[in-house]
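See structure below.
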Amino acid sequence: MESNEQAWIDLSLIPRPWHIEITGCEHPWAERPVVVHKTRLDELPADTPNWQRAEAYRLEITEGRPTISAESEPGLAAARRTLRQLTARETVPDLRIADRPAYEWRGLNVDIARHFFGPDELIRVMDIMADVGLNRLHLHLSDDQGWRIEIPGLPELTERSSHTSVGGGPGGYLTRAQMDELARAAEDRGIALIPEVDVPGHTTAALHALPGLNPRNTPDVYEGIEVGISTLTEALPETERFLAAVFEGLGRYGAAGIHIGGDECLLTPPDEFTRLVARAAHHVRKQGHPVIAWQEAAPVLEAGEYVQVWDERQDFAEVAEAAARGVGIIASPATRAYLDMKYTPDDPIGLTWAGTTSVREALEWDPKDLVAGVEPGAIHGVEACIFTETIETFDQLTYMLLPRLAAVAEVAWAGSGIGQWDSFSRRIAVTWRR
Ligand code: ACM
C-alpha cells in the first residue's frame, strides 16, 4: 500500500499513520455500526515483533462503512482512536489505513511531587494521552518537596511529608484506594502505570518523615526548586527498611515496571550511590518487575530493564554499555521532550535550563539519534516529561502539555518527526479545533 502524505494532512490524523490510501469519494459521516475483525494482518512484515503486532490495525471505510481489523484488543483500540478522529469530520472518504506504532513504550512522566495533581486530574491527563496513542503514565511520586503515595508500614511518609509543595502550597497524596482507581482507569485506556520513587537523592521529604534515615539532622521539608540537596545514607539500618517497604509498596502498581530514580545525586559518594540504587533495584526485581532508572544509574541495570535518558549534557558511555547488554533506552531528551521547558522566553511559567522548546522542536527529532553508537533496536521508547516546579494548576499543566505532547506522541508512534513540521502544523490546527 502506498502512503499518501496529502491524505493524512487532509484528514488531520495525529499521530500520523504508517500507510494511508484514499480509495473512494467522501461520504457524509453517519453513525454506523463498526464491523470488527480479529484476524492476522498480512500486511505486516514477517519479522514484526509480537508487541507491535498486538497494537497494529487496519481501518477500512467503504461506502462510508467502517471495518476495523487487528490481531488483538490493543490494535482494535488503536483503530477506534483513529476512527474517532476521522468521524469528528462531517464527511469521510473511503480509505484504507494500515498502522502500527514504531515504539512499544510511549509515555508521559507527570511530577506530582513538586505540585500535587490528584486522581481526577490524572485521569483527564490519561484521556489526553489515549487520544494521541500514549500508553505509559509514569508518576514521579516523591521528591524533596513532598511525598505523594501511601506506603504500607510507613505511614509517617504521608503523615509528615505530604502537606507541602514548591512555594508552600497545600500538597496532597494518593491513597491506596486512589491508586487502585487510577490503575483501573489506566487499564480502561490501554495505559500502564509506572510508579517512581526517586532514590537516593531527591529524598528530603523522606528524610524529614523518617528521622532514622538521617539521625544527625532531620531536615525541614524543602519548598524551593534546587536539586542535588539530599541523599539516603547506606550505613543507617533504617535505609534498608525504607527501600524494602517503599519498593514492595509500589509493586501492586508496577507490573509494567517500577522506576527507582537515580538522578542528580550530587551528595552521594559514587560507590555508595551504586550500592544504594542496586538495593532499590533488588527490591523491584524480587517482585518480578522490570527496573527503570534515570541514566545516571545505567550501570546497575540488567537486560530487559530500561534506562531513561534525559540529560544530553552528560556523557552517554554508560548508557551505551547498558544498551549493549540488552537494557532498553527510553528517550526523553530534555531539549525536546521536557514539556516543562518554556515555549518561548516570555512564557510566564516553565523553566529554561534545557533551553526553550517550541512545538516544532518537540516534533522534529528522531530518538535513534540520541545516543551515538547504539543499535536502532536499543531504543525501546519515547517519553515526554513534565516536572511541576512552576506548574500549580491543571490549566497550567495542559497549557504546557498541549500541543507539544501531541508532537512527542507522533515521534513515539511514527518513529520520527523529522521533516513533518508542515504536515503536523496543518493537522494540529484542525485537530485542535475539534
Ligand atoms: C531529571 O530531570 N532530573 C530526571
Side-chain angles (χ1 to χ4, degrees), residues 105 107-115 136-148 165-166 194-206 222 224-232 257-268 273 276-277 280-281 291-301 305-316 318-319 322 327-342 349-357 361-362 365 367 370-371 380-391 397 400-401 404-405 408:
W105 182 299
L108 170 65
N109 170 23
V110 182
D111 167 17
I112 63 169
R114 271 51 175 269
H115 285 103
R136 299 281 188 280
L137 175 62
H138 165 179
L139 293 173
H140 184 72
L141 292 164
S142 65
D143 215 300
D144 293 308
Q145 298 87 348
W147 188 277
R148 307 294 183 215
S165 45
V166 167
I194 307 293
E196 177 192 359
V197 164
D198 197 349
V199 295
H202 294 272
T203 42
T204 306
Y222 177 68
I225 63 166
E226 294 302 312
V227 296
I229 59 167
S230 54
T231 185
L232 297 175
I258 294 179
H259 204 305
I260 61 170
D263 57 320
E264 298 175 312
C265 297
L266 309 184
L267 300 185
T268 324
F273 168 80
L276 283 166
V277 284
V291 179
I292 302 131
W294 298 109
Q295 68 196 56
E296 292 94 322
V300 305
L301 296 172
E305 299 179 336
Y306 307 113
V307 57
Q308 187 164 11
V309 175
W310 65 283
D311 187 353
E312 298 142 280
R313 301 164 301 186
Q314 294 183 35
D315 182 79
F316 285 153
E318 291 178 343
V319 170
V327 174
I329 293 173
I330 297 166
S332 298
T335 57
R336 305 289 185 165
Y338 266 41
L339 306 184
D340 51 312
M341 293 302 119
K342 292 176 188 269
I349 54 172
L351 299 176
T352 53
W353 65 262
T356 55
T357 302
E361 285 162 329
W365 61 286
L370 181 58
V371 181
H380 181 69
V382 171
E383 186 172 295
C385 295
I386 185 151
F387 290 95
T388 57
E389 286 94 334
T390 66
I391 299 168
L397 190 73
M400 295 305 272
L401 285 178
R404 292 184 295 189
L405 186 64
V408 178

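Whatever order the structure lists ligands and atoms in, that order sets their numbers, starting from 1.
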Next on the checklist: What I want to check is whether the side chains of Gln145 and Ser165 have a donor and an acceptor closer together than 3.5 Å.
Outcome noted: no
Checklist outcome for this item: Between Val382 and the options Val408, Leu370, Ile329, the side chain to side chain contact (heavy atoms under 4.5 Å, CB included) test singles out Val408
Contact table ligand 1 N or O to protein N or O, d under 3.5 Å:
from, atom 1, to, atom 2, distance (Å)
ligand 1, 2 (O), Tyr338, OH, 2.7
ligand 1, 3 (N), Asp263, OD2, 2.6
ligand 1, 3 (N), Glu264, OE1, 3.0

Checklist entry - When the ring planes of Trp294 and His138 are compared, do they come out parallel, tilted or perpendicular, using 30° and 60° as the limits? => result tilted
Checklist entry - Mind checking whether Trp310 and Tyr338 have parallel, tilted or perpendicular rings, split at 30° and 60°? => result parallel
Checklist entry - So, the side chain of Asp340 versus the backbone of Met400: is there a donor-acceptor pair under 3.5 Å, distance only? => result no
Checklist entry - Do Trp105 and Ile292 come within less than 4.5 Å of each other through their side chains, counting heavy atoms only? => result yes
